[in-house]
Amino acid sequence: MHRSPTTNRPRTFEWDASRTRPGRPSTMLTAATSALLAIGVLLGLAAPTVAADAGPRIDLVPVAEGFEQPVFVTAAPGEPEQLYVVEQVGRVRVMDTAGNKSDELFLDITAAVETGGERGLLGLAFHPAYADNGRFFVNYTRAGSGATVISEFSAVDGQADPASERELLVIEQPFANHNGGMIAFDAAGMLLIGMGDGGSGGDPLGAGQDPDTLLGKLLRIDVDSGDPYGIPEDNGFVDSDAHRPEIHAMGLRNPWRFSVDPVGGHVYIGDVGQGSWEEVSLLPDGAGGRNFGWNEVEGPACYQDGCDLDAYTPPVLSYDHGQGCSVTGGYAYRGTAEPDLEGVYLFGDYCSGTIWAAQTDDMLARSATADPVFDMDGSLVSFGVDAAGELYAVDRGGRILRVVSTGE
Ligand SMILES: [Ca+2]
Ligand SMILES: [Ca+2]
């Protein structure tokens with residue numbers, strides 16, 4: 001279905017030699033830090049949360065507040081001073097990077113959107129050639145049915161035309177939760193779509209490992225060919241008759257937020273866990289076809305008794321529910337204002353507000369550890385970057401905050 005020729009040549013999978021599990025699968029804390037924590041607890045002291053040599057520390061500087069349940073912030077290519085803030089109820093608002101909001105809405109589809117809990121307007125991605133073609137894409141929950149809708153809209157003179165909607169994908173949702181939400185263009189200009197396992201708990205329908213459903217997957221489509229879209233020739237399972245051709249990677253539970261590194265094109269997937277583990281999984285550029293394990297595996301550990309851990313790609317970072325409850329996938333910093341953060345991947349936890357840093361080079365080498373670098377007061381629902389590559393955090397309570405370095 002929807003197979004159409006594209007100009008994408010299949011890529012070699014040269015990175016894929018590594019199938020080793022992380023060296024320290026049980027926790028992201030170093031042994032030394034764990035020991036300090038234990039001593040601190042024993043002494044009744046405020047527990048130290050970071051080793052002395054842990055690398056960059058950050059602060060969050062509020063840029064704007066008063067948004068209604070914001071869940072994402074992003075930018076359009078070629079607009080370095082403009083930010084687009086996604087409100088879960090179905091609106092997109094515009095502000096500049098200094099925090100000045102526009103009075104006019106960029107998009108309002110509240111009437112079409114089912115909102116609340118994990119439903120709503122969840123994702124926004126501008127076409128790489130948006131400056132010329134005005135095309136952008138959204139991921140929302142349809143009012144009434146609760147289905148996931150991936151749609152294209154057009155903007156004219158900086159304002160979306162609500163009548164321009166073109167539906168690309170409608171994916172029925174068996175339960176209200178685990179709807180994924182993230183969409184983003186990859187290095188080849190293909191649209192990546194994060195789909196959760198459909199919901200309930202424990203993936204009762206087995207979606208993560210079912211090649212015949214789009215649930216529990218990372219999808220990849222070509223929005224510049226086909227009707228309503230094309231299938232990239234180098235999608236991860238495109239040669240398998242059993243798999244839906246949109247599937248680029250499988251075995252995901254709820255990839256709420258992922259990002260594409262502008263350096264190297266690697267995809268960092270924050271996959272929300274079940275009851276024990278949160279994880280960040282890595283899809284190197286060109287390395288589709290991975291199975292990240294859910295619901296056989298949760299984080300670095302078996303979810304099903306006696307699972308074969310070696311059969312699945314393990315996460316590059318994971319933490320247990322002593323440190324949070326729902327991972328918020330982040331970004332590799334590639335801006336210019338905070339040189340201390342160059343090449344650092346920052347991500348966090350929605351519940352605890354902890355933000356961790358890891359070196360992307362170590363993630364690619366599968367030797368990464370993540371150090372806590374900040375505790376956010378609020379609900380850390382997402383990160384986002386502006387067109388200059390500067391990094392922001394989103395507090396679902398209404399704030400957009402800028403990530404700044406406070407030095408090594
Ligand atoms: Ca669902
Ligand atoms: Ca996994």
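Whatever order the structure lists ligands and atoms in, that order sets their numbers, starting from 1.
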Round to 10° and report the angle made at the Ca ion (ligand 1) by O of Asn177 and O of Phe175. 100°
Quick check on ring-ring contact (aromatic ring centres under 6.0 Å, His included): which of Tyr229, Phe185, Phe126 does Phe137 satisfy it with? Phe185
Examine Phe292 and say whether one of its N/O/S atoms is closer to the Ca ion (ligand 2) than 3.0 Å. yes
Is the distance from the Ca ion (ligand 1) to the nearest N/O/S atom of Gly198 under 3.0 Å? yes
Side chains of Gln173 and Arg142: donor-acceptor distance under 3.5 Å anywhere? no
Can you tell me if, anywhere in Glu279, an N/O/S atom lies at a distance from the Ca ion (ligand 2) that is smaller than 3.0 Å? yes
Opening angle between OE1 in Gln173 and OD1 in Asn179, taken at the Ca ion (ligand 1), to 10 degrees: 90°
Should Thr360 and Tyr333 count as side-chain neighbours, where that means a heavy-atom distance under 4.5 Å? no
With no hydrogens and no angle check, do the side chains of His127 and Asp224 hold a donor and an acceptor under 3.5 Å apart? yes
Any Lys/Arg nitrogen of Glu246 or Arg220 sitting under 4.0 Å from an Asp/Glu carboxylate oxygen of the other? no
